[in-house]
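Both counts, for ligands and for their atoms, begin at 1 and track the order of listing.
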Amino acid sequence: MADEEEEKEYRWETGYEKTWEAIKEDDHGLLEASVADIIHNAKRKRQMEKKVGARLGMMRHLYVILDASESMSLQDLKPTRFLCSLKLLEDFIEEFFYQNPISQLGVIITRNKRAEKVSELAGNSKKHVKEVQNMQQIAPVGEPSLQNSIELALKSLRLLPSHASKEILIIVGALTTCDPGDINETIQNMKTDSVRCSVIGLAAELYICKRMATATGGEHGVALDDKHYKEQLNMHIDPPPAATRLDAALVKMGFPHHALHSSANDSAMAVCMCHAESSDESVKLLSTGYLCPQCLSKHCELPVECRACGLTLVSAPHLARSYHYLFPVESFKEVVFSGTPSTCYGCQKILSQKDKKVYICNKCNETFCLDCEIFIHESLHTCPGCATNPDTYQKSTDRN
Ligand SMILES: [Zn+2]
Ligand SMILES: [Zn+2]
Ligand SMILES: [Zn+2]
Ligand SMILES: [Zn+2]
């Protein structure tokens, strides 16, 4: 453990953190291609780190803490740091719930030395996106408080069962934090509650943020530009490797049928449980919806935690969507293009001198172009070569 920390201590000396060396101008004197390279290399590095059979924290509870201090109104990100963050956060929330359907998320902002909970820990992306959009009206003022916001997040994370992966993601633009007490105690609290805290800096690397991330097993990064910032956020979409202290528990789940297809008395008009309490939205009587198999209360959307009995309600495709994390496509071998004419196995593009590097699957030995390599690992999650080759396909099904 001590060795691991030692190694991480000087991360800015390795990887793409040493960006001033990596940035080179292209033929037109632009830097964009160089940043794109950095991002691509980082993606590949992350793929390489993915291990088959690693334990992952799939049931995630993530609090996003957004800095709304005066420094967020700076314009190094367009139009301002704050507005740029909100826009990226919106996309992040959508993507997070798409990839982690049984997880929950909450948003906290910090300004004027205080922390405010913008949206509670919940599993519905629509509500969060709406809150984030409303935040555009907020004017960033004062100083942030890391301690207040973390303690606020801890208050609700503490109550969660021990098999849930608890995470905090801090986006900080300020170089100062104004705290009422000792932040080391807060870091200690996070460690005791096994909360994983990650930080994305927008200005510079802060010692305390770095320490916080290292001590709790989180990630720390500083955004170079808006694209790199987005990439830093996307890093948190994949579930993190489970901490050794995370309990493995069997969670009871319900698979409700859509009420439209069930017997007549089930589909009687009723207000769904999830909207019955809300006052702002017009409550509608619905004849359709999902009925909890345990208590027969009605919900209009899945996945959701039953309001009446607390059972987690999901549909099978939600579980299938997170399946690929458990059996990821192994990373391809990167080789320099040899010059022998060949076609990409994925898109049938003829590989030419322009493709400096081609990618070869270790299992089926098929060649892929860069675009296909990215698409396979980011969206498709299965190798077309292996899937269409009867031999390798047989092998992979035997193994599972
Ligand atoms: Zn509803
Ligand atoms: Zn129920
Ligand atoms: Zn291709
Ligand atoms: Zn393959």
TODO: Return the orientation label for the His128 and Phe97 ring planes: parallel under 30°, perpendicular over 60°, tilted otherwise.
DONE: parallel
Task: Where the Zn ion (ligand 4) is the vertex, angle from Cys383 SG to Cys364 SG to 10° - done: 110°
Open item on the list: Using only atom types and a distance under 3.5 Å, with no angle test, would you say the side chain of Thr343 pairs donor to acceptor with the backbone of Gln348?
Closed with: no
TODO: May I ask you to check whether Thr388 and Tyr345 show a side-chain donor-acceptor distance below 3.5 Å?
DONE: yes
Open item on the list: Just to confirm my numbers, could you give the angle made at the Zn ion (ligand 3) by SG of Cys344 and SG of Cys372, rounded to 10°?
Closed with: 100°
Task: Cys369 SG and Cys347 SG subtending at the Zn ion (ligand 3) (10° steps) - done: 120°
- [ ] May I have the angle between Cys309 SG and Cys292 SG with its vertex at the Zn ion (ligand 2), rounded to 10°?
- [x] 110°
TODO: Examine the side chains of Tyr359 and Ser331 and answer whether a donor and an acceptor come within less than 3.5 Å of each other.
DONE: no
Task: Where the Zn ion (ligand 2) is the vertex, angle from Cys295 SG to Cys306 SG to 10° - done: 100°
TODO: Indicate whether any N or O donor in one side chain lies under 3.5 Å from an N or O acceptor in the other, for Gln99 and Glu95.
DONE: yes
